[in-house]
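What follows is one structure encoded as structure tokens, with my remarks underneath.
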Amino acid sequence: MGAYVAAFDQLCLADADEAGGKGANLGELVAAGLPVPPGFVVLRSCYEQIVAQGARGAELAALHAEALAAAAAADSVRVDELCQRMREIVRACTLDTEARSAIAAAYRSLGNRADVAVRSSAVGEDSATSSFAGMNLTRTNVRGQKELVEAIVDCWASLFSPRVLTYRARRDMQATPAMAVVVQTMVQARRAGVAFTADPATGRRDRIVVDAARGQGEVVVSGTIQPDTYLLDTEGPRLLERRPGHQDFAIIAGPGGDRRIELSEEDKTAPALTEHEAVEVARLALAVHHHHGNRPQDVEWVYDEDGLWLVQARPITTLPEPHPVPDAPPSATVLVRGLAAAPGTADGTVRVLSAPEQGTALAHGEILVAPMTNPDWLPTISRAAAVVTDSGGMTCHAAIVARELGVPCIVGARTATTTLTDGDTVTVDGSTGEVRAGAQPHTTVVTEPHTAGTAPAASPATATKLYVNLALPEAAQRAAAADTDGVGLLRAEMLLTRALDNRHPREVIARGEQHVFLDRMVDALTHIATAFAPRPVIYRATDFRSNEFRDLEGGAGYEPREHNPMIGYRGCYRYTREPEVFELEMSALAEVRQRTPNLHLMLPFVRTRWELEACLDLIDSGSLRNQRGMHRWVMAEVPSIAYWLPEYVGLGIDGVSIGSNDLTQLTLGVDRDSTECAPLFDESDPAVLDAISTIVAAARTSGITSSLCGQAPSRNPDFVEHLIRMGITSVSVTTDAVLATRRAIEAAERRLLLDHVRATGR
């Protein structure tokens, strides 16, 4: 692997941090001997060197943090402004001689003036938890070195589009993004499409779903046509069913670039694949599936004149547990039928929109009805109770994004925008593909991710509690429906920026507008606490760093300029210096606890005994002073807690939550956001594990609960087992990792019990 460029055959899945998810996956497929068109990856290091260094990188990071806050606050105008500025910064960059030479040499190796596809491969994209389906840029039929470099820079700039920022905010992905770029020889597609090695609607692992169309596969993944859908049994594989689609046009490559051609009346409805070809596609998809340890895969394929090619593969990010499709109420009037693309049932008022620019017209909880949806619709889909489209297949972007967000979705309904009208009250059943008249009584079968308004499925009780991390009120219903024991980490920062309209809290106090902050915070916290009641909700008080506070409106007048904000003016120490701001938060908690006493408090970034004692004195003399039954936790992010925890318990602390990200940084002395030092950041490093073990042991000895809310349990079942063997009482993970973590806990506890039986004989 070179400094800036690597061929596919030099890459594997372990290189995802440098090649991005898409690039690493393609390298893995080449290593498996599968038919992948040749190509190379412009590595993340190139982006970092050209774009993300020095003052330019610092400005991008600051603008990105502000844009995430604006996206979380649904301020689309501000998001658009900030994204435009960030893209301008990227496009103003100039590649140095070394980077240009490396890219030119790799391009020449594909043939003289080859036509290539240039595809974004963002770090974290096409991973097991985040697909970024269609959100970053792809350029096809690019020819020539100058045009290639321009396309690469355009891919870099697409990191900062409003739809990507909205997706990242929705999934609480706070780190400044980075980008690799895949450059791949174009295949002149006759037929193309997508295959899933499990049924995305029902969750059945013994089914393969193939969507197919004429021409390039763009029309399938974008949802602009209704593809042919083939359902196959994995045994064989054997074709079980063909669901005819309808394709008026195709996209084909030509000398001047992509062309749209109208299809003949016969081709509009004729099968896109023969039975033999459908089986051949399924067999190729299964080969990818088996190579990845029988993990369900989302595979993009192409037929050209020479045969079948594999152009992309990634894990399916969300797949429901296999479940029977419930029958519709016998009296229900079915208004529209389509493909069941994302499971779940929701009712609400119809809102028919024709373009994403109209998205602000959709109110929270309405049913979005559109001709089709592409990634630009993401902010609108995020607010919808359900989605219904005229076109699209089960594997299009809209369906993938809806499944990730837990939004019931029907695609390919053909007449939805003409049959349904604004103001209609309907029930959308994403499991049957039916839109029914009225708000029908319904029982939603719980899937993963769980849909709003449902009760969590029963699971075997575990000694180790499983909590969920949360940042947004609108995610509360879905998270509450998951199989969790409560909220282990409710981050205050997003709630605060919304409540203050992105203003600095001291600026709000100076204007005498404390009541605005209190009313909005109380509404948001009540919504979350009520959704989870009686399960506990642990609210972590605000832990903005000074540079993040400074980015808020009016912040420059109140915040110091620090060289290292990570270990600067933040957390518990800040509360002792600015008690009036801290008291606002405590007043909101006190009011909410009068209605829902399952809300509790956690204090972040505690360094010393005296600052914690001063902070607890503020609590005992303020709005929370008479709150009985309220738990007081501290975050374990600073290594000093391994020494001080018994003292903290003596002050009245009854819970500790290990923030493994910060604890790892401060134990190993490594910035987790540094690409240069990335190999050093390891939550499983023996020194970090020893620090965690010491904290958990101290908690057990002191008789208080212990938890961990970092990313490691979400990604690594072995890490979960480490924690359980230490004696931790709970872990807290992101909503999309709940099911996998619950299984890891159950398996680890079974192994621990077996070890005990073997050791003791009983």
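When a residue number appears, it is its place in the shown sequence, counting from 1. This structure is a prediction, so every number in the text was calculated from the model and none was measured. Side chains are part of it too, since the values below use all heavy atoms of this structure and drop only hydrogens, waters and symmetry mates.
Side chains of Glu300 and Val194 form a contact here, defined as non-hydrogen atoms less than 4.5 Å apart. Side-chain contact between Ile152 and Arg139 is absent, with no heavy-atom pair separated by less than 4.5 Å. No side-chain heavy atom of His64 sits less than 4.5 Å from a side-chain heavy atom of Leu159. Residues Leu82 and Phe160 form no side-chain contact, since every pair of their non-hydrogen atoms from C-beta on lies 4.5 Å or further apart. Between Leu232 and Val210 there is a side-chain heavy-atom pair separated by less than 4.5 Å. With contacts defined as side-chain heavy-atom distances shorter than 4.5 Å, the pair Glu305/Gln188 does not qualify. Looking at Gln312 and Asn25, their side chains never come closer than 4.5 Å, going by heavy atoms from C-beta outward. With contacts defined as side-chain heavy-atom distances shorter than 4.5 Å, the pair His292/Leu29 qualifies.
In this structure, Thr185 contributes its side chain and Pro38 its backbone to a donor-acceptor pair below 3.5 Å. Proximity of a side-chain donor or acceptor of Arg383 to a complementary backbone N or O of Leu362 within less than 3.5 Å is detected. Side-chain atoms of Tyr230 never come within 3.5 Å of backbone atoms of Val281 as a donor-acceptor pair (strictly under, hydrogens ignored). Side chain of Arg191 to backbone of Ala272: a donor-acceptor contact under 3.5 angstrom is found. Checked by atom type and distance alone, the side chain of Gln247 pairs as donor or acceptor with a backbone atom of Arg214 at under 3.5 Å. At distances below 3.5 Å, not a single donor-acceptor pair connects side-chain atoms of Asp206 with backbone N or O atoms of Thr234. Counting only distance, with no hydrogens or angles, the side chain of Ser121 and the backbone of Gly23 share a donor-acceptor pair below 3.5 Å. Thr415 places no side-chain N or O within donor-acceptor distance of the main-chain N or O of Thr418, the cut-off being under 3.5 Å. In terms of modelled atom types and a separation under 3.5 Å, the side chain of Tyr107 and the main chain of Gly144 share a donor-acceptor contact. Of the possible donor and acceptor atoms, one in the side chain of Thr197 sits under 3.5 Å from a partner among the backbone N and O of Gln297.
Atom CZ of Arg414 is surrounded by more than 12 heavy atoms from other residues, nucleotides or ligands within 6.0 Å. The number of heavy atoms from other shown groups lying within 6.0 Å of CD (Glu275) does not exceed 12.
Taking a cutoff of 4.0 Å between a charged side-chain nitrogen and a carboxylate oxygen, Arg143 and Glu147 do not qualify as a salt bridge. Arg85 has no carboxylate O lying under 4.0 Å from a charged side-chain N of Glu81, or vice versa, which leaves the two without a salt bridge. Salt-bridge formation is not detected for the pair Glu280/Arg283: no Lys NZ or Arg NE/NH1/NH2 atom is positioned less than 4.0 Å from an Asp or Glu carboxylate oxygen.
Taking all atoms of both residues into account, the shortest heavy-atom contact from Ala192 to Gly217 is CB-N, 3.3 Å. Nearest approach of Cys12 to Ala24, heavy atoms of both residues: O-CB, 3.4 Å. Residues Ala157 and Arg87 approach most closely at O-CG, 3.3 Å, considering heavy atoms. Closest of all the heavy-atom pairs between Gly215 and Ala189 is O-CB, 3.6 Å.
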Original post:
Are Ile103 and Tyr4 close enough, and set up right, to give a side chain to side chain contact (heavy atoms under 4.5 Å, CB included), and what steps lead you there?
Top reply: CA-CA 8 Å; Ile103 293 168; Tyr4 290 134; 5.8 Å; no
Original post:
Checking salt bridge (charged side-chain N to carboxylate O under 4.0 Å, His left out) for the pair Arg243/Asp228: CA distance, chi angles, key distance, verdict?
Top reply: CA-CA 6 Å; Arg243 302 169 191 165; Asp228 279 1; over 6 Å; no
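In terms of the side-chain hydrogen bond (donor to acceptor under 3.5 Å, both in side chains) criterion, Asp80 has no residue partners (sequence neighbours excluded). For Asp233, the salt bridge (Lys or Arg N to Asp or Glu O under 4.0 Å) partners two or more places apart in sequence, or in a different chain, are Arg207, Arg238.
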